[in-house]
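One structure is given below, encoded as structure tokens.
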Amino acid sequence: MPKEYRTIEEVAGPLMLVKNVENVAYNELGEIELANGEKRRCKVLEINGTDALVQLFENSTGINLSDSKVRFLGRQMELGVSKDMLGRVFDGLGRPIDGGPEIIPDKRMDVNGVPMNPTARRYPQEFIQTGVSAIDGLNTLVRGQKLPIFSASGLPHANLAAQIARQSKVLGKNESFAVVFAAMGITFEESDFFVESFREAGSLDRTVLFVNLANDPAIERIATPRMALTAAEYLAFDQGMHVLVILTDITNYADALREVSAARKEVPGRRGYPGYMYTDLATLYERAGRQLDNEGSITMIPILTMPEDDKTHPIPDLTGYITEGQIILSRELYRKGIRPPIDVLPSLSRLKTKGIGEGRTRKDHMNTMNQLFGAYARGKEAKELMVILGESALTEVDRLYAKFADAFETEYVSQGYDTDRSIEETLDLGWKLLKILPRSEMKRIKEEFLVQYYDKD
């Protein structure tokens with residue numbers, strides 16, 4: 001039986017100081033019992049001699065310093081995992097909130113995970129089809145990659161996240177695929193939208209949802225992505241599944257980190273965020289990947305809203321350092337009615353060349369991708385010149401490029417949130433748009449592909 005302490009010295013917001021403790025470790029779980037028998041959970045944040053600073057998972061209302069007692073449980077936070085988690089909805093601490101029964105776990109896993117040995121990693125290279133042309137065709141997602149979506153307040157990242165979660169699939173062999181979806185600091189309406197979206201599409205049975213609402217405690221928000229990644233590690237590395245993890249919204253997570261750091265009176269870093277935020281985010285993102293001698297994989301799409309649309313803000317800035325590219329949503333495209341408003345030029349998937357080509361997508365993929373990028377960039381320049389100089393000042397070819405840029409945005413990028421395009425449909429659409437331009441402009445495409453696709457009626 002764990003030893004009980006009645007030595008609570010002070011409670012300040014989400015923090016509580018317990019005196020005269022023995023053999024208590026950092027990150028250890030604790031249980032607070034109030035005078036009326038109610039129990040609340042906490043974890044150890046700091047040890048100073050015989051003093052333990054603990055953080056409360058629930059609020060501190062009703063904790064009487066003299067009548068409440070604390071027990072330390074001798075273990076870190078764990079999640080009971082099982083394949084029965086698929087199709088279920090949990091709160092940020094892994095408790096079922098869908099009205100279903102408790103999970104009977106196959107095993108219990110530490111939510112902080114076990115660091116993956118760098119020499120045991122396999123290089124990400126297999127293509128994942130999201131059904132979204134702007135991603136599949138131009139910024140391809142590959143298995144084991146970390147590819148964040150940089151959004152901004154008011155942009156429809158929730159719709160895009162739900163679309164990717166519903167539509168994503170591994171092509172080729174009949175391999176088991178699952179989605180682990182973690183939502184942090186969202187409203188009840190957003191939570192309801194995600195659950196209903198998966199249910200209507202029939203993809204809920206291959207999805208595990210962890211939902212932390214905006215009115216839930218900050219400490220739960222910090223635990224939510226760790227719970228989700230622990231479930232993903234079990235499905236990927238114990239059950240051999242290919243798992244797509246979607247984390248939204250990392251900005252809410254970082255704000256919770258800042259709130260807890262301020263309560264601990266730590267010296268703030270950039271914009272008030274703790275100096276260790278880079279390390280903290282890395283402990284989440286680096287749990288994605290593939291392992292040697294293991295068929296399973298974890299691919300991660302973190303979604304964050306850039307405060308004030310600022311790419312240099314610490315959250316997108318640090319995320320960009322750790323991850324392999326970014327998909328950027330554009331307010332300008334959103335105003336034009338482009339759905340999803342993915343700005344393909346500043347977007348980047350650093351591993352896209354590893355997951356495309358013959359045997360993965362199609363052998364003309366690399367050439368058409370380069371040509372589409374080049375043509376769209378020149379088309380946007382032509383449109384800017386048109387605004388300044390007028391259409392009559394443009395050459396005939398420049399006018400065709402401007403026409404191409406408009407068609408590219410309205411037909412290729414804009415597909416709505418319910419259209420699921422196969423990679424063949426995406427590539428064929430790219431060829432259809434390239435035919436707006438004369439054959440002599442196809443300078444990035446091999447002659448054999450021009451004969452096979454461009455010259456074909």
Side-chain angles (χ1 to χ4, degrees), residues 77-109 111 113 128-131 141 143 158-171 173-184 186-213 216 220-221 223-249 287-288 294-303 417-418 420:
M77 193 186 296
E78 294 173 335
L79 177 67
V81 289
S82 156
K83 277 193 87 168
D84 295 338
M85 298 177 85
L86 290 166
R88 299 293 305 275
V89 185
F90 302 90
D91 69 4
L93 293 174
R95 297 172 294 206
I97 53 171
D98 54 3
E102 289 285 331
I103 295 291
I104 299 172
D106 285 348
K107 61 191 284 195
R108 303 193 71 83
M109 295 174 66
V111 299
I128 289 180
Q129 181 176 290
T130 65
L141 178 67
R143 248 187 250 173
N159 303 64
L160 180 58
Q163 182 179 17
I164 292 171
R166 286 195 313 268
Q167 296 179 178
S168 290
K169 57 179 76 74
V170 176
L171 298 185
K173 293 174 284 184
N174 186 23
E175 296 175 307
S176 47
F177 187 77
V179 175
V180 175
F181 195 99
M184 295 160 277
I186 63 169
T187 63
F188 180 77
E189 285 79 11
E190 284 177 296
S191 165
D192 204 44
F193 162 75
F194 285 126
V195 175
E196 287 307 312
S197 169
F198 296 145
R199 187 170 282 132
E200 284 170 19
S203 55
L204 189 61
D205 58 349
R206 62 160 197 183
T207 305
V208 186
L209 283 96
F210 291 86
V211 178
N212 164 266
L213 299 176
D216 289 330
E220 183 178 311
R221 202 155 303 145
T224 305
R226 291 176 168 81
M227 292 283 171
L229 285 160
T230 303
E233 284 171 346
Y234 170 75
L235 293 172
F237 304 132
D238 286 28
Q239 299 297 324
M241 301 179 79
H242 296 290
V243 184
L244 176 66
V245 178
I246 297 178
L247 306 176
T248 181
D249 181 338
R287 290 172 75 170
N294 197 316
E295 281 306 305
S297 65
I298 297 178
T299 307
M300 188 185 296
I301 299 183
I303 298 172
Y417 299 110
D418 298 312
D420 184 358

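Positions are given from 1, in the same order as the sequence printed here. Side chains included, hydrogens not; waters and symmetry mates left out as well; all remaining heavy atoms used.
Residues Ser168 and Thr130 are in side-chain contact: their nearest non-hydrogen atoms beyond the backbone lie under 4.5 Å apart. A heavy-atom distance below 4.5 Å is not found between the side chains of Met227 and Phe90. Contact check for Leu141 versus Ile301: side-chain heavy atoms found under the 4.5 Å cut-off. Residues Leu160 and Ile303 have side chains not in contact (no heavy-atom distance under 4.5 Å, counting atoms from C-beta outward). Within the 4.5 Å cutoff, no side-chain heavy atoms of Glu190 are placed close to those of Asp249. Residues Arg88 and Pro101 have side chains in contact (heavy-atom distance under 4.5 Å, counting atoms from C-beta outward). Side-chain contact between Ile104 and Ser82 is absent, with no heavy atoms from C-beta onward closer than 4.5 Å. The shortest side-chain heavy-atom distance between Leu235 and Ile298 does not fall under the 4.5 Å cut-off.
Note that CZ of Arg166 and CZ of Arg206 are 10.5 Å apart. Values are rounded to the nearest 0.5 Å. For the atom pair CZ (Phe188) and CZ (Phe193), the distance works out to 14.5 Å, reported to the nearest 0.5 Å. To the nearest 0.5 angstrom, Thr224 atom OG1 is 7.5 Å from Asp91 atom CG. If you take CG on Leu213 and CD1 on Ile97, they are separated by 6.5 Å, rounding to the nearest 0.5 Å. With values rounded to the nearest 0.5 angstrom, Thr299 atom OG1 is found 3.5 Å from Ile128 atom CD1. Atom CZ of residue Arg143 and atom CZ of residue Phe177 lie 9.0 Å apart, to the nearest 0.5 angstrom.
The minimum heavy-atom distance between Gly80 and Ile103, with the atom names listed, is O-CG2, 4.3 Å. Here the shortest heavy-atom pairing between Asp205 and Leu86 reads O-CB, 3.5 Å. Pairing each heavy atom of Val81 with each of Ala231, the nearest pair is CG1-CA, 4.3 Å. The shortest heavy-atom contact between His242 and Gly296 is ND1-C, 4.3 Å. Taking all atoms of both residues into account, the shortest heavy-atom contact from Met85 to Val208 is O-CG2, 3.6 Å. Minimum heavy-atom separation, Ala236 to Asn294: O-OD1, 3.6 Å.
Judged purely by distance below 3.5 Å, without hydrogens or angles, the side chains of Arg287 and Thr230 pair a donor atom with an acceptor atom.
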key: Lys83 vs Asp106, side chain to side chain contact (heavy atoms under 4.5 Å, CB included): CA-CA, chis, key distance, verdict   = CA-CA 8 Å; Lys83 277 193 87 168; Asp106 285 348; 5.5 Å; no
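Checked by atom type and distance alone, the side chain of Arg221 pairs as donor or acceptor with a backbone atom of Asp216 at under 3.5 Å. Checked by atom type and distance alone, the side chain of Arg226 never pairs as donor or acceptor with a backbone atom of Gly113 at under 3.5 Å. No donor-acceptor distance shorter than 3.5 angstrom exists from the side chain of Arg95 to the backbone of Glu102, with no hydrogens or angles considered. Distance alone, capped at 3.5 Å, is enough to place a donor-acceptor pair between the Glu220 side chain and the Gly92 backbone.
Looking at Asp420 and Lys169, a side-chain N of the basic residue comes within less than 4.0 Å of a carboxylate O on the acidic one, giving a salt bridge.
Ring pair Phe194/Phe181 is tilted by interplanar angle, where 30° to 60° counts as tilted.
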